[in-house]
Structures are given as structure tokens and as C-alpha cells.
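Below you'll find the structure, written out as C-alpha cells, and then a few comments.
When reading the values below, keep in mind they use all heavy atoms of this one structure, side chains included, and skip hydrogens, waters and symmetry mates. Note that the structure is a prediction, hence the values are computed from the model and not measured.
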Amino acid sequence: MAIEHVKDVEKSGNEGLKDLEQPFLESKIVVDSHDKEVTNGVSPVVLLSTLVSVCGSFEFGSCVGYSAPTESAIREDLGLTLAQYSMFGSLVTVGAMIASFTCGSITDFIGRKGAMRMAAAFSTVGWLAIYFARGALLLDIGRFLTGYSVGILCYAVPVYIAEIAPSNIRGGLTTLNQLMICIGTSLAFILGTIITWRNLALTGLVPCIVLLVGLFFIPESPRWLAKVGLEKEFEASLRRLRGKNADITAEAAEIKANVQTLRKLSKAKLTDLVQAEYKRSVIIAVGLMIFQQFGGINGISFYASEIFVAAGLTGNIGTLTYAVIQVPVTMIGVVLIDKSGRRPLLLVSATGTMFGCFLTGTAFLLEGQNMLLQWVPTLAVSGVMIYVATFAIGMGAVPWVMMSEIFPLHIKGLGGSMSVLIKWLGAWAVSYSFNFLMSWSSPGTFFVFAGFSALTLLFVVKLVPETKGKTLEEIQAIINS
């Protein structure tokens with residue numbers, strides 16, 4: 001993991017998110033005695049760099065959303081069995097899981113821009129493989145490559161944004177990463193209802209191309225340049241990001257001091273995570289990731305159209321509804337996270353996902369018993385929409401925020417890597433098994449997911465502390481008390 005980024009994440013977890021209440025483009029300027037501007041706002045270069053990098057987040061969303069509207073068409077055109085398509089759908093998580101082992105070292109070795117460029121190249125090859133596929137093999141290769149790309153992008157993009165943004169707007173800019181993932185997913189859902197699966201694969205190339213071209217026009221992260229000892233490039237990058245008239249002396253000195261301090265810390269070992277003083281942090285981070293995934297989110301999002309078809313609706317209606325609702329609800333969650341706190345959002349979210357799964361499971365139960373058939377589509381759609389909305393408000397984003405806050409500085413990178421790995425393991429297990437579970441029992445599948453949401457409530461009540469407005473030192477004191 002990128003060690004110099006640890007302090008930034010630490011700050012952004014408590015301070016950066018508070019900036020959500022400030023306009024993204026707010027600029028506070030003072031003039032010092034040397035008539036140089038000191039700006040805490042966003043410069044055009046920072047804005048451009050953020051917009052280019054979140055094309056990677058959009059690509060992430062496109063990959064995740066691709067399989068939901070295309071299942072029936074791909075299986076029919078290529079003659080795939082249920083098992084073959086389940087393998088295809090889940091391979092994006094396998095690729096991302098493997099990438100979780102290497103994303104930190106790659107991003108440190110070739111830089112943030114280099115990692116994003118490499119990911120875009122992998123994704124380009126992957127989409128072309130899917131487009132030209134005439135059987136399961138090339139289809140699976142393409143899906144795996146796009147998944148590996150996603151695994152790198154989900155780390156490199158937020159790291160890059162956090163490292164280039166001024167501290168007072170870091171939280172606001174970083175949240176664009178999650179928002180663009182949702183937009184990419186929603187657009188894939190919508191386009192998948194009106195164009196063929198092969199053409200939908202070609203649309204996945206667009207953010208890759210924009211990212212590859214845009215990377216030539218934005219600077220590398222100054223913190224990475226400082227870490228690798230490129231002093232001239234570091235100062236040039238920071239000055240370009242802050243503006244030619246900005247006084248970067250204090251910020252440059254702080255970055256250099258932070259890099260030097262973090263270099264002196266002993267390298268964390270895997271065995272450190274089992275020590276008593278870190279046990280609760282590990283349990284909280286890993287537990288939230290497990291409950292996030294085993295609540296069923298990837299099964300529901302990957303195969304949304306098939307859920308609605310099974311409930312007696314057209315896949316297009318359900319998919320479009322899903323696509324429309326998740327973006328505005330995600331924006332609401334972003335605004336609420338520092339106003340209501342982490343625990344309330346998690347509790348509301350888990351309650352909502354439990355109720356949504358219960359409604360959907362009830363719809364399938366009624367359908368199986370040939371009872372109240374006129375209510376089945378309404379219950380199924382309502383349940384899935386409640387699930388999607390409440391998941392986006394809390395369980396979608398809060399576990400990532402908590403992960404950045406609860407680990408001590410020197411094991412934050414290792415703890416974060418382990419949490420990401422657990423997340424992708426859970427995503428693979430759910431996405432691969434979902435179709436088989438639905439074949440076993442549609443109502444049973446959603447009642448199982450409802451059960452995990454109920455366990456999430458207990459977990460949050462018993463073990464998860466409130467971290468809103470607290471320093472990292474205060475959080476550690478609470479965890480270890």
C-alpha cells in the first residue's frame with residue numbers, strides 16, 4: 001500500500017468529509033506579505049485531474065452493471081448454461097480480488113497515473129474480448145480482465161484524488177469516485193435495455209479511451225513524486241495543481257515532512273493484525289465488509305433484470321427503475337454521513353435492506369403458492385427498490401469510511417488491503433452462487449439475505465462505535481477501551 005497516503009486517508013476520514021457541506025468549487029484566497037496568493041479552493045487543474053481520474057470510477061461502474069441487463073441475450077446468443085453464465089458474471093470479482101494483492105505495490109511502483117493507465121489498457125482488451133466472443137472462453141477472459149482493471153482502479157482513483165486535492169475540499173472531491181461508480185452502473189443498466197450486449201461492451205471502451213487520453217494532460221500525484229525522490233517533478237506538479245501564483249512553500253514542506261516521518265515507521269506485518277490491541281479494529285472492518293456483501297448486493301445488482309422477470313415483470317422495467325433510483329439516493333447518503341453519523345446510517349440501512357429482502361422474498365413465496373398474484377410484481381419491485389435505496393444510504397459507503405478511520409496509522413495499509421480482499425471474496429461468493437440459490441428457492445434466497453441484514457443490526461449495535469467528529473486518536477481510545 002502507498003504509505004504516504006495513509007495520513008491523507010486518516011485526515012479525510014474525519015475532516016475531509018466535513019467539507020461536503022462546502023461547495024466543491026469554493027475558493028478562499030488570502031494574500032501574504034509577498035503578494036502571493038494562497039488558495040484553499042479547487043484550481044482548474046485539480047478539477048480537470050479529478051474529472052479525468054473518475055473516468056476510472058465510471059469504468060468500474062460500467063463493469064459492475066454490465067451483466068444485469070445482458071444475461072438472457074448472452075445465454076441465448078452463445079448457448080451458455082446457467083453455470084457458465086454464473087461463472088462469467090462472477091469473474092469480474094475474481095479479477096478484482098487478485099488485483100487487491102497487487103494494486104498497492106503497482107500504484108507505488110509505477111505511480112498513480114501509471115496504475116490508472118495500466119488498468120485502462122487491461123479494461124480495453126477485456127471489453128474487446130467480450131465484444132468478439134463466440135463462446136464462453138473469450139467471454140470469460142474479457143470479464144476477468146475488466147475485473148482486474150476494476151481492482152486496480154478502486155484503489156488508484158481515490159488515492160490519486162486524495163493526494164492532489166487541497167485539504168479543505170478533499171472529502172468533497174473524493175466522493176465523486178463513489179458517485180461516478182453509481183452513474184456508470186446505472187447507465188449500463190439503461191443502455192443494456194436498448195442496445196445489444198455486444199454494443200454495450202463497446203460503450204465500456206469510452207471511459208477507458210477518455211482516461212488514457214486525459215492522463216497525458218494531468219500531473220502525477222506530488223506526494224508520490226516526493227516519495228520516490230523526484231524533487232523537481234514534485235514541486236512542478238504541486239505548483240501546477242495549486243496555480244502559478246499560489247504560495248506552495250508550507251504545503252510542500254508539510255508533504256516532505258510527512259513522507260520522511262512515515263518512512264521511519266516499521267513495516268507492518270500480517271501477524272500484527274492478530275494482536276490484542278488491533279483485534280477490535282480488524283473485527284469491525286472485516287465484519288462490515290462481510291455483512292455488506294452477504295446481504296446480497298452483488299447478486300441483486302448483477303442479476304436485477306432476471307429477478308424482475310422471475311417476479312412476472314419485464315426485465316427492462318425493473319432494470320430502469322433500479323438505475324434511476326440509486327444515483328440520487330447515493331448523493332443523499334454522501335450528504336448525511338457527517339450530519340447524522342456512521343452508526344445511525346448503518347442501522348437505518350440494515351433495517352431497510354432487511355425489510356426490502358423480506359418483501360421480495362414474500363413476493364416470490366406468494367407466487368409459488370399461487371396466492372395474491374396481482375400483488376407479486378408490486379411487492380417484488382418495492383422490495384428491491386427499498387433494498388437498493390437503503391443500501392446506498394449506508395451499507396454501500398459507510399464500511400469504506402469506517403475502514404479508513406479505525407485502523408492505527410502504521411497498519412492502516414495492511415488492514416485496508418485485507419478488508420478489500422474480504423470484500424471481493426464475498427462479492428465473488430454471492431455473485432457466483434446467486435443464480436443457483438434462486439433455482440433452489442427464490443423466497444429462501446431473499447429470506448437468507450434478510451437474515452444477514454438482521455445480523456448486521458446486531459453487529460453494529462454491539463461492536464461498531466460512532467466515529468463522527470472524533471480524531472483518530474479518540475477513535476483508537478474508544479476501540480481499545
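- Of all non-hydrogen atoms in P69 and A188, the two that sit nearest each other are CG-O, 3.7 Å.
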Go through the steps to decide whether V448 and L437 satisfy the test side chain to side chain contact (heavy atoms under 4.5 Å, CB included), and finish with yes or no. CA-CA 10 Å; V448 168; L437 288 171; over 6 Å; no
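- With R143 contributing its side chain and I130 its backbone, the two residues share no donor-acceptor pair below 3.5 Å.
- Annotation: the span from L80 atom CG to S86 atom OG amounts to 10.5 Å, rounded to 0.5 Å.
- Cation-pi geometry between R75 and F88 is not satisfied (NZ or CZ under 6.0 Å from the ring centre, within 45° of the ring normal).
- In terms of heavy-atom proximity, C63 sits nearest to S123 at SG-OG, 4.2 Å.
- The pair R112-E163 meets the salt-bridge criterion, since a charged nitrogen lies less than 4.0 angstrom from a carboxylate oxygen.
- Heavy atoms only, all atoms of each residue included: L200 and G192 are closest at CD2-CA, 3.9 Å.
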Given side chain to side chain contact (heavy atoms under 4.5 Å, CB included), test F234 with K256 step by step and report yes or no. CA-CA 10 Å; F234 156 68; K256 291 178 181 178; 3.4 Å; yes
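- Side chains of F60 and C154 form a contact here, defined as non-hydrogen atoms less than 4.5 Å apart.
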After noting the C-alpha distance and the side-chain angles of I255 and E251, does the key distance pass the side chain to side chain contact (heavy atoms under 4.5 Å, CB included) rule? CA-CA 6 Å; I255 291 174; E251 185 176 6; 4.1 Å; yes
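- Taking the side chain as every heavy atom from C-beta outward, T93 and M97 never approach each other to under 4.5 Å.
- Remark: aromatic rings of F101 and W424 are distant, center separation not under 6.0 Å.
- A 4.5 Å side-chain heavy-atom check between L212 and I209 finds every atom pair outside the cut-off.
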Report the C-alpha distance between I297 and V388 in whole Å, list the side-chain angles of each, state the deciding distance to 0.1 Å, and finish with yes or no for side chain to side chain contact (heavy atoms under 4.5 Å, CB included). CA-CA 8 Å; I297 181 60; V388 171; 5.8 Å; no
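- When all heavy atoms of A115 and I152 are compared, the closest pair comes out as O-CG2, 3.7 Å.
- At least one side-chain heavy atom of I290 sits less than 4.5 Å from a side-chain heavy atom of I422.
- Without hydrogens or angle criteria, S53 side chain to S49 main chain gives a donor-acceptor distance under 3.5 Å.
- Put simply, the side chain of R280 gets close to the backbone of L463: a donor and an acceptor are under 3.5 Å apart.
- The closest donor-acceptor contact from the side chain of S149 to the backbone of L145 lies at 3.5 Å or more, if one exists at all.
- Distance CE/M116 to OG1/T107: 9.0 Å, rounded to 0.5 Å.
- What you find for V150 and A96 is that their closest heavy atoms are CG1-CB, 4.5 Å.
- At a cut-off of 3.5 Å, with distance as the only test, no side-chain donor of S67 or Y85 sits close to an acceptor on the other residue.
- For the pair R342 (side chain) and P465 (backbone), a donor-acceptor distance under 3.5 Å is absent.
- Remark: the backbone N or O of G396 is paired with a side-chain donor or acceptor of Q292 at under 3.5 angstrom.
- Summarising the geometry of P399 relative to L288, their closest heavy-atom pair is CB-CB, 4.0 Å, with the distance given to 0.1 Å.
- Looking at heavy atoms from C-beta onward, T185 lies in side-chain contact with F189 at the 4.5 angstrom threshold.
- Formation of a donor-acceptor pair under 3.5 Å by the T390 side chain with backbone atoms of T353 is found in this model.
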E235 vs R240, test: salt bridge (charged side-chain N to carboxylate O under 4.0 Å, His left out). Steps then yes/no. CA-CA 8 Å; E235 293 191 5; R240 187 179 171 195; over 6 Å; no
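- A 4.5 Å side-chain heavy-atom check between W127 and L202 finds every atom pair outside the cut-off.
- Taking the six-membered ring where tryptophan is involved, the planes of F459 and F291 are tilted, since the angle between them lies from 30° to 60°.
- No side-chain donor-acceptor contact under 3.5 Å links K423 to the backbone of M289.
- A donor-acceptor pair is defined here as one N or O able to donate and one able to accept, closer than 3.5 Å; such a pair exists between the side chain of Y66 and the backbone of W197.
- Residues I164 and P222 form a side-chain contact, since some pair of their non-hydrogen atoms from C-beta on lies under 4.5 Å apart.
- A donor-acceptor pair is defined here as one N or O able to donate and one able to accept, closer than 3.5 Å; such a pair exists between the side chain of E220 and the backbone of K113.
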